[in-house]
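Some notes on the structure that comes next.
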Amino acid sequence: MSLLEVRELSRHFGGLAAVNNLTFTVDEGEIHGLIGPNGAGKTTTFNVISGYYKPTAGDIVFGGRKISGLRPSRIASRGVVRTFQATTLFQELTVFENVLVGCHMRSRVGPFSALLGTSRHAERESEARAQEILDFMGLGERRDDETVNLPHGHQRALGIAVALAAEPKLILLDEPFTGMNPEETRQMMVLVERVRSQGVTILLVEHDMQAVMGLCDQITVLSFGELLAEGTPEQIRADPAVIEAYLGTA
């Protein structure tokens, strides 16, 4: 069953079509790869899906409801949460405090809650949820570390933990393996699979082909903003058009 539908999507910047008439679907419960050479339109597609750009044409449908053109906060509240290529963490806060901020944004405790005395109960729930997420992501023992002191791989894992605090149905992971050594890549692959095991669907933009081929159920390939190929990792690996787009012709 399709959770996300991208329908004839286009996004233009002046006379440049960064994404042009793109259509693909992401099924519920799968890890779906979105790949292509540099400049293929992958991040622009993410930005339109998550509401940071409005589409020039076409629609984004999530869970049967149109979300294209909505503000990012509205889209996130419906269950679509994204990470970014560069970690967007509060470096001066601890690991626990970063996830707690995400939990607070989801709980939306307001002034009336404070007056009624229910805000402390909500605070305890947020703290318990933050610790649960950190333990799930293997970061529980580093909860009191300052984020700025975390190794690169742990910072990427913390970015996903903050996204999980928003209780997403779909996570858009934008190059989560960038800059990782082989051991960090292996550990992150385990974490991504663990997130999927909790019922979260994943759309993944990534250049690390070992991670893509090892994780994804289906892959959509872009080239110059247009759909080039779709299929399983085995089909994509053997597709002549994909090989040419990445390696060029002799």
Side-chain angles (χ1 to χ4, degrees), residues 3-4 26 28-34 42-43 45-53 60 62-63 67 70-91 93-108 125-140 142-143 145 147 150-180 184-185 187-206 208 211 215-216:
L3 180 65
L4 178 73
V26 177
E28 187 172 359
E30 75 176 0
I31 300 176
H32 192 113
L34 186 64
K42 306 180 297 296
T43 296
T45 301
F46 260 29
N47 284 335
V48 176
I49 293 172
S50 55
Y52 290 91
Y53 295 155
I60 308 292
F62 177 72
I67 62 171
L70 297 180
R71 297 189 306 273
S73 59
R74 290 281 305 281
I75 292 174
S77 71
R78 294 191 181 185
V80 181
V81 178
R82 70 164 294 180
T83 64
F84 293 84
Q85 291 178 13
T87 53
T88 53
L89 301 170
F90 296 104
Q91 297 290 331
L93 299 183
T94 66
V95 170
F96 179 77
E97 288 167 341
N98 265 278
V99 180
L100 190 60
V101 168
C103 291
H104 282 159
M105 292 176 67
R106 184 66 179 179
S107 64
R108 297 179 180 177
E125 285 188 339
S126 293
E127 290 173 354
R129 175 62 177 157
Q131 186 62 50
E132 179 185 354
I133 292 170
L134 287 177
D135 291 339
F136 176 76
M137 293 297 293
L139 295 169
R142 309 203 68 153
R143 57 163 279 159
D145 291 359
T147 299
L150 284 183
H152 176 71
H154 285 102
Q155 292 218 14
R156 305 297 284 190
L158 180 56
I160 297 176
V162 173
L164 287 176
E167 301 178 10
K169 299 174 184 175
L170 171 68
I171 287 185
L172 312 180
L173 296 182
D174 197 351
E175 300 192 16
F177 299 92
T178 298
M180 289 189 176
E184 289 173 329
T185 295
Q187 293 175 356
M188 179 58 75
M189 289 176 69
V190 171
L191 290 176
V192 172
E193 281 282 13
R194 189 179 297 170
V195 170
R196 190 255 290 271
S197 74
Q198 297 301 299
V200 180
T201 303
I202 297 168
L203 180 59
L204 171 73
V205 163
E206 185 52 58
D208 187 322
L215 281 171
C216 294

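It should be emphasised that the depicted structure is a prediction, and the values quoted were computed from it without experimental measurement.
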Task: Heavy-atom side-chain contact between F136 and L164 under 4.5 Å - done: yes
Open item on the list: Using side-chain contact (heavy atoms from CB on, under 4.5 Å), reason through R78 and L70 one step at a time and then give a plain yes or no.
Closed with: CA-CA 11 Å; R78 294 191 181 185; L70 297 180; 3.7 Å; yes
Open item on the list: Using modelled atom types and a 3.5 Å cut-off, is there a donor and acceptor pairing between side-chain atoms of E206 and backbone atoms of D208?
Closed with: yes
- [ ] With rounding to the nearest 0.5 Å, note down the distance linking SG in C103 to CD in E167.
- [x] 8.0 Å
Open item on the list: Whether the side chain of R156 engages the backbone of M188 through a donor-acceptor N/O pair (distance < 3.5 Å, no angle test) should be reported.
Closed with: no
- [ ] First locate atom CG of L34, then atom CG of L173, and finally report the distance between them rounded to the nearest 0.5 Å.
- [x] 12.0 Å
Task: side-chain contact (heavy atoms from CB on, under 4.5 Å) assessment of I31 paired with E193 - done: CA-CA 8 Å; I31 300 176; E193 281 282 13; 4.1 Å; yes
Task: Considering all heavy atoms, the nearest L215-M189 contact - done: CD2-O, 3.6 Å
- [ ] Find out whether E184 and F177 are in side-chain contact, i.e. whether some heavy atom of one side chain is under 4.5 Å from a heavy atom of the other.
- [x] no
Task: For the student: nearest non-hydrogen atoms of L191 and A157, plus distance - done: CD1-CB, 3.8 Å
TODO: Would you indicate whether the side-chain heavy atoms of F96 and R142 approach each other to under 4.5 Å?
DONE: no
TODO: Examine distances only and state if a side-chain atom of E97 and a backbone atom of T94 form a donor-acceptor pair shorter than 3.5 Å.
DONE: yes
Task: Partner of Q155 by side-chain contact (heavy atoms from CB on, under 4.5 Å), out of N98, L89, V95 - done: L89
Open item on the list: Minimum heavy-atom separation for L150 and L158, please, with both atom names.
Closed with: CD1-CD2, 3.9 Å
Open item on the list: For a side-chain contact (heavy atoms from CB on, under 4.5 Å) check, start with the C-alpha distance between D145 and H154, then their side-chain angles and the critical distance, and finish with the verdict.
Closed with: CA-CA 11 Å; D145 291 359; H154 285 102; over 6 Å; no
Task: Distance in Å, R196 CZ paired with I171 CD1, rounded so as to fall on 0.5 Å steps - done: 13.0 Å
Task: Side chain proximity check, T83 to L172, heavy atoms < 4.5 angstrom - done: no
TODO: Check whether any side-chain heavy atom of I160 sits under 4.5 Å from a side-chain heavy atom of M137, and report yes or no.
DONE: yes
Open item on the list: Are I67 and R74 packed together at the side-chain level, in the sense that at least one heavy-atom pair is separated by less than 4.5 angstrom?
Closed with: no
- [ ] Side-chain contact test, heavy atoms from C-beta onward, threshold under 4.5 Å: evaluate it for L204 versus C216 and give yes or no.
- [x] yes
Task: Any side-chain heavy-atom pair of L170 and I202 under 4.5 Å - done: no
- [ ] Begin from the C-alpha positions of F46 and L203 and carry the test side-chain contact (heavy atoms from CB on, under 4.5 Å) through to its verdict.
- [x] CA-CA 9 Å; F46 260 29; L203 180 59; 3.6 Å; yes
Open item on the list: For F84 together with Y52, are the ring centres under 6.0 Å from each other?
Closed with: yes
Task: Shortest non-hydrogen contact between V81 and P168, atoms and distance - done: CG2-CB, 3.7 Å
Open item on the list: Using only atom types and a distance under 3.5 Å, with no angle test, would you say the side chain of S126 pairs donor to acceptor with the backbone of L100?
Closed with: no
